[in-house]
Amino acid sequence: MEARVWGARGSIPSPGHETARYGGNTSCVHVALEDGTNLILDAGTGIRNLGLALPEVLDGPLHILLTHLHMDHIQGLMFFAPAFRPDSEIVIWGPASPEASLEDRIARYISAPLSPVEVRELPSHVSFRDAEAVEWQIGGATIRADSVTHRGPTLGYRVTEGASSLCYIPDHEPGLGTPLSALEDEWISGLALARDADVLIHDSQYTDEEYPSHLGWGHPPLTDALEFARRAHAGRLLLFHHDPLHSDDFLDAVAVTAAERWAEMGGPPGAVVLAAEGATASLPSAA
Amino acid sequence: MSPTGRPLQLILARNLLASLDTAAFLIDARGEVVFYNEAAGTVLGRRFEESGPMPAEEWTGMFGPVDADGRPLSYRDIGVTKDVRGDRPAHATMTIRSAKAEQHRVAVSAFPIHGDDGFHGAMVFFWPHPGDEG
Ligand SMILES: [Zn+2]
Ligand SMILES: [Zn+2]
């Protein structure tokens with residue numbers, strides 16, 4: 001599979017010259033499977049550019065896997081070109097809620113007065129499915145979803161194709177209440193999902209210095225993101241969901257700190273990078 | 001629930017209980033005591049880090065609750081357990097004993113933990129029984 005980052009920013013789009021290199025679009029990662037199936041992880045504003053880049057005619061349905069319905073993960077849906085083509089088939093997966101169906105909850109955004117169109121008016125074939133905390137198949141890949149610590153019902157996803165797996169947990173505060181170092185693996189939110197993933201895309205919104213004033217906001221400090229990846233034995237770590245206040249220069253400095261901490265933890269050099277728009281990862285399906 | 005991780009509801013409950021001064025236990029869906037906090041460890045005379053997770057029978061054999069003669073009740077016969085396994089909250093007064101064989105009369109409140117995918121266990125809080133303090 002081939003993964004490409006279309007939006008790595010957290011919380012709110014952050015355009016401008018200070019964020020041009022890492023990008024200002026919110027969460028969206030495209031995963032192209034070997035058999036041509038298109039998976040889209042989250043529909044933040046990055047999905048707009050992805051929609052423009054995808055071929056107009058596609059073989060099979062587009063599968064959008066939403067981790068949760070915070071605005072920065074669904075805001076691009078309304079601006080996703082394939083949703084406005086009558087021959088497109090789009091399947092939207094997302095967390096279940098006892099309160100309302102996935103379609104009804106998304107329709108709160110894609111409806112008046114927030115939106116000029118309603119979900120039912122989209123000309124494409126759009127269907128909605130609850131992503132249960134189980135495994136299922138999409139194309140040649142096995143998808144696994146699991147609930148993780150954030151605010152409100154939130155999932156992480158693991159995509160496994162052949163011998164390769166990619167784990168995507170963009171919004172996650174695994175060390176809330178108890179330091180990760182004090183917990184056994186089975187008590188760390190999301191760890192079983194991420195274990196031994198070749199590529200882990202994980203939230204790292206705050207620096208360690210910023211975290212104490214954002215406790216419980218649903219995002220981890222840098223050190224927890226690194227520790228989570230180390231405990232999961234992830235092959236590569238893409239730090240994701242950059243804070244909107246973090247400029248490119250600031251993030252460059254975070255990258256240096258991350259590499260130093262990772263080395264102190266005994267991690268292999270070069271395995272940790274900060275996700276930027278346009279970054280790609282190629283995962284061979286054969287071992 | 002993931003194949004090898006705990007359900008998120010139990011993880012969150014453990015993190016909550018770890019931050020409380022009220023003595024509390026976390027029980028999983030099978031009745032195993034999977035965590036208790038420092039306050040509970042003080043009453044029991046043994047920290048969780050020392051005892052680790054314990055199956056229900058082992059737990060009751062060691063800490064009770066006990067009957068009037070000090071004999072441990074069978075796990076299956078504890079009313080609070082029955083209620084919680086039936087997905088109902090429960091409250092009761094009972095006698096437990098510590099690792100040092102001291103008996104404590106306690107008031108117990110138990111709350112089932114029910115997620116969107118079913119019953120995951122219970123949070124069990126306990127307080128010194130009014131009138132038995134000191
Ligand atoms: Zn987010
Ligand atoms: Zn979020």
Side-chain angles (χ1 to χ4, degrees), chain A residues 68 94-102 130-135 142-158 160 167 169 172-197 215-216 218 224 228 231-233, chain B residues 1-42 46-55 87-89 111-125:
Chain A
H68 62 309
S97 161
E99 178 229 350
S101 70
L102 181 62
D130 287 347
E132 307 284 350
V134 288
E135 286 189 347
T142 302
I143 313 294
R144 182 140 70 94
D146 206 358
S147 301
V148 297
T149 311
H150 186 51
R151 290 198 146 192
T154 303
L155 299 170
Y157 289 106
R158 182 184 180 108
T160 302
C167 183
I169 314 181
H172 190 208
E173 189 177 8
L176 179 62
T178 310
L180 291 183
S181 57
L183 293 169
E184 306 89 62
D185 287 359
E186 65 179 322
W187 286 100
I188 297 176
S189 155
L191 199 74
L193 190 71
R195 188 176 307 286
D196 298 322
L215 205 72
D224 277 6
F228 180 88
R231 297 279 290 272
H233 304 290
Chain B
M1 177 177 163
S2 56
T4 53
R6 299 283 180 176
L8 180 65
Q9 293 83 355
L10 284 195
I11 290 175
L12 293 172
R14 176 178 174 156
N15 289 356
L16 169 66
L17 300 187
S19 67
L20 298 181
D21 274 351
T22 312
F25 300 86
L26 187 62
I27 318 287
D28 74 6
R30 294 172 306 172
E32 185 167 321
V33 175
V34 289
F35 177 71
Y36 57 85
N37 63 12
E38 280 185 29
T42 304
R46 184 178 292 178
R47 290 165 43 237
F48 177 72
E49 290 72 22
E50 298 169 279
S51 59
M54 250 186 256
D87 237 343
R88 295 179 298 273
F111 303 86
I113 297 172
H114 199 111
D116 54 5
D117 46 354
F119 176 74
H120 291 306
M123 287 188 287
V124 183
F125 297 87

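Within every chain, numbering begins at 1; the chains are lettered A, B, ... in the order of the sequence lines, protein sequences first and strands thereafter. For the numbers below, each heavy atom of this structure counts, side chains included, while hydrogens, waters and symmetry mates do not.
When heavy atoms are compared at a cutoff of 4.5 Å, A/Leu183 approaches chain B solely by way of its side chain, counted from C-beta outward. At a 4.5 Å heavy-atom cutoff, the contact between B/Ile11 and chain A is made by backbone and side-chain atoms alike. Contact of A/Glu132 with chain B is not made at all, since no heavy-atom distance falls under 4.5 Å. Both the backbone and the side chain of B/Leu10 come within less than 4.5 Å of a heavy atom of chain A.
For B/Phe25 and B/Phe35, the distance between ring centers is not under 6.0 angstrom. The six-membered or imidazole ring of B/His114 lies away from that of B/His120, with a centre-to-centre distance of 6.0 Å or more.
Side-chain atoms of A/Thr154 come within 3.5 Å of backbone N or O of A/Gly152 as a donor-acceptor pair.
One finds no salt bridge joining A/Asp146 and A/Arg158 here, because no Lys/Arg side-chain nitrogen approaches an Asp/Glu carboxylate oxygen to under 4.0 Å.
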